[in-house]
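Predicted model, so just to flag it, every value in this text is computed and none were measured.
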Amino acid sequence: MTNRFRLLPTTLAALALAAGLSACSRADSNPAPAAPAQNTAAAEVRVGYFPNVTHAPALIGVKKDFFKKELGSTKLTTQTFNAGPDEVNALLGNSLDVAFIGSGPAINAFTKSKGTIQLVSGAVSGGAQLVVKPEITSADQLKGKTVATPQLGNTQDVAVKKWLSENKLTDQVKITNLDNPKTLDAFKKGEVDGGWLPEPWASRLVQDAGAKVLVDEKTLWPGGRFPSTVVIVRSEFLQQHPDTVRAIIKGESAAIDWATANQAEAKTTVNDALKELAGSSLSAAVLDRAFGNIELTLDPISAEFGQLAKDSVTAGVVKTPADLKGFADFGPLNEVLKAAGKPAVEAAGLTK
């Protein structure tokens, strides 16, 4: 497969907020004069992401210090996750500030938090496939089979359940939730018949275990584009530290620009990061295939979130589609794009 990166023009400009502070002296009960406006940078920002190729902007941003460069004196603390629901719990438990995450769990985070989680950027489009044993060549042949997804309610779990529903196979295929490395082992042992997986795990099953692609998720979306990885933040953190959020997105933008201009080195950087985080690196064949299936972009592909919310209902994850009004805050991004003479990101009804 020919490897390629596609990049929508995205640049970030400064969005700064200042607050006037007043204080009372212990010796004088009269209010003191307002203090000078303060910088809104946080002392620390806690960022979560996955050790997956579909999180390449985060992996590169950390490994090549693009985030640190933009953050200045703000301390960067990182944590990795296997799937979105666990990362959502970390956000809602106030142990994370910013998360690179799948679109499904991003919606769930907004709903569970009663609107206190905001979508601020895209990261990656594409990079998910249903890969199966080579003898399985049609949907009907999945009857009685077992298919793995990374976690109950995660982006791929919703995708496969929606697809099974559309093919009238909901009660005829067993879905099991496994960490991605365990899915590879289970597939090799014959314990599962396939998996709807993000990159590089779809490519690992194909290249390392002989699986074949039954469904490339790109084929299910207009233009082959869907938001597989996005960036969300806690609303309180965004309100208190907009400069820090801007710095994270600016670092992500720099990582994407660098990866686009240095494709071979970008693969090596991601591979090195994966080895550090997961204990093993990927073969050249797996890397090439995985990167060929993704698009690095700050575009959140907002127009598809309404369908994603409906898909969660079809998949049986929730009973009613989430109301996504107020889900996104694209103010910083769109101000930058305007300053650069570039088109704004479409909100598609996601903003207030």
Side-chain angles (χ1 to χ4, degrees), residues 1 3 5 47-67 76-87 90 99-102 123-124 126-134 146-151 154-157 176-213 216 228-229 255 258-259 262-294 296:
M1 177 177 293
N3 182 52
F5 285 93
V47 179
Y49 56 96
F50 303 174
N52 288 344
V53 172
T54 49
H55 287 235
L59 295 169
I60 293 169
V62 172
K63 187 71 175 173
K64 299 294 288 186
D65 289 335
F66 288 114
F67 294 136
L76 173 66
T77 301
T78 62
Q79 184 176 352
T80 58
F81 298 83
N82 176 69
D86 286 341
E87 195 173 23
F100 287 77
I101 196 167
V124 171
Q129 296 176 330
L130 172 58
V131 294
V132 296
K133 291 180 177 179
T146 300
V147 172
T149 67
Q151 193 171 8
N154 94 308
T155 305
Q156 290 77 44
D157 191 66
T176 187
N177 307 121
L178 297 172
D179 288 352
N180 293 316
K182 292 181 180 179
T183 294
L184 177 61
D185 292 339
F187 184 81
K188 288 179 176 179
K189 294 175 182 178
E191 296 171 354
V192 299
D193 301 288
W196 197 297
L197 304 171
E199 293 293 2
W201 296 100
S203 289
R204 287 212 64 181
L205 261 69
V206 169
Q207 298 289 346
D208 299 343
K212 300 295 182 183
V213 178
D216 188 332
S228 50
T229 306
W258 178 83
N262 303 276
Q263 297 185 26
E265 191 176 353
K267 292 179 188 177
T268 300
T269 299
V270 167
N271 213 11
D272 290 345
L274 293 177
K275 186 175 182 178
E276 290 179 7
L277 295 170
S280 61
S281 56
L282 305 175
S283 68
V286 169
L287 270 175
D288 286 345
R289 187 183 186 281
F291 271 100
N293 286 334
I294 64 174
L296 308 188

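Residues K267 and D288 are in side-chain contact: their nearest non-hydrogen atoms beyond the backbone lie under 4.5 Å apart. In this structure, T80 and F50 have side chains that are not in contact, with every pair of non-hydrogen atoms separated by 4.5 Å or more. Contact annotation: the side chain of P198 approaches that of N180 to within less than 4.5 Å [non-hydrogen atoms, C-beta and beyond]. Taking the side chain as every heavy atom from C-beta outward, V124 and P57 approach each other to under 4.5 Å. Using a 4.5 Å heavy-atom cutoff, the side chains of F187 and V131 are not in contact.
For K275, the NZ atom counts as loosely surrounded, since its 6.0 Å shell holds 12 or fewer non-hydrogen atoms of other residues, nucleotides or ligands.
Here CG of D272 is found 5.5 Å from NZ of K63. Values are rounded to the nearest 0.5 Å. Once rounded to the nearest 0.5 Å, the distance linking CG of L184 with NZ of K189 reads 10.5 Å. A distance of 8.0 Å separates CG in L59 from CG in N52, rounded to the nearest 0.5 Å. Remark: N262 CG to I60 CD1 distance equals 9.5 Å, nearest 0.5 Å. Separating the CG atom in L178 from the CG atom in N82 is a distance of 9.5 Å, to the nearest 0.5 Å.
Between D208 and S283, the shortest heavy-atom contact is OD1-OG, 4.4 Å. In plain terms, the two heavy atoms of Q129 and A202 that are nearest each other are OE1-CB, 3.8 Å. Nearest heavy atom pair, residue F81 against residue P51, reads O-CD, 3.2 Å. Residues A128 and D216 come closest through the heavy atom pair O-OD1, 3.7 Å. P134 and G210 get closest at one heavy-atom pair: CD-O, 3.6 Å. The heavy-atom pair separating G84 from I101 by the smallest distance is O-CD1, 3.8 Å.
A donor and an acceptor atom, one from each side chain of Q151 and N177, are nowhere located under 3.5 Å apart. In the model, S203 has no side-chain atom that pairs as donor or acceptor with a side-chain atom of Q207 under 3.5 Å.
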| said: Would Y49 and V62 count as a side-chain contact (heavy atoms from CB on, under 4.5 Å) here? Give the steps. | reply: CA-CA 10 Å; Y49 56 96; V62 172; 3.8 Å; yes
Would F291 and I294 count as a side-chain contact (heavy atoms from CB on, under 4.5 Å) here? Give the steps. CA-CA 5 Å; F291 271 100; I294 64 174; 3.9 Å; yes
Given T183 and W201, is the side-chain contact (heavy atoms from CB on, under 4.5 Å) satisfied, shown in steps? CA-CA 9 Å; T183 294; W201 296 100; over 6 Å; no
TODO: For side-chain contact (heavy atoms from CB on, under 4.5 Å), just list the numbers for R289 and E199, CA-CA rounded to whole Å, side-chain angles, deciding distance to a tenth of an Å, and then say yes or no.
DONE: CA-CA 9 Å; R289 187 183 186 281; E199 293 293 2; 3.4 Å; yes
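Counting only distance, with no hydrogens or angles, the side chain of D179 and the backbone of K182 share no donor-acceptor pair below 3.5 Å. The backbone N or O of A148 sits nowhere less than 3.5 Å from a side-chain atom of T176 that would complete a donor-acceptor pair. T229 places a side-chain N or O within 3.5 Å of a backbone atom of T54 that can act as its donor or acceptor partner. Distance alone, capped at 3.5 Å, is enough to place a donor-acceptor pair between the D193 side chain and the T146 backbone. Remark: side-chain polar atoms of T149 are not paired, donor with acceptor, to backbone N or O of Q156 under 3.5 angstrom. Remark: the backbone N or O of L282 is paired with a side-chain donor or acceptor of N271 at under 3.5 angstrom.
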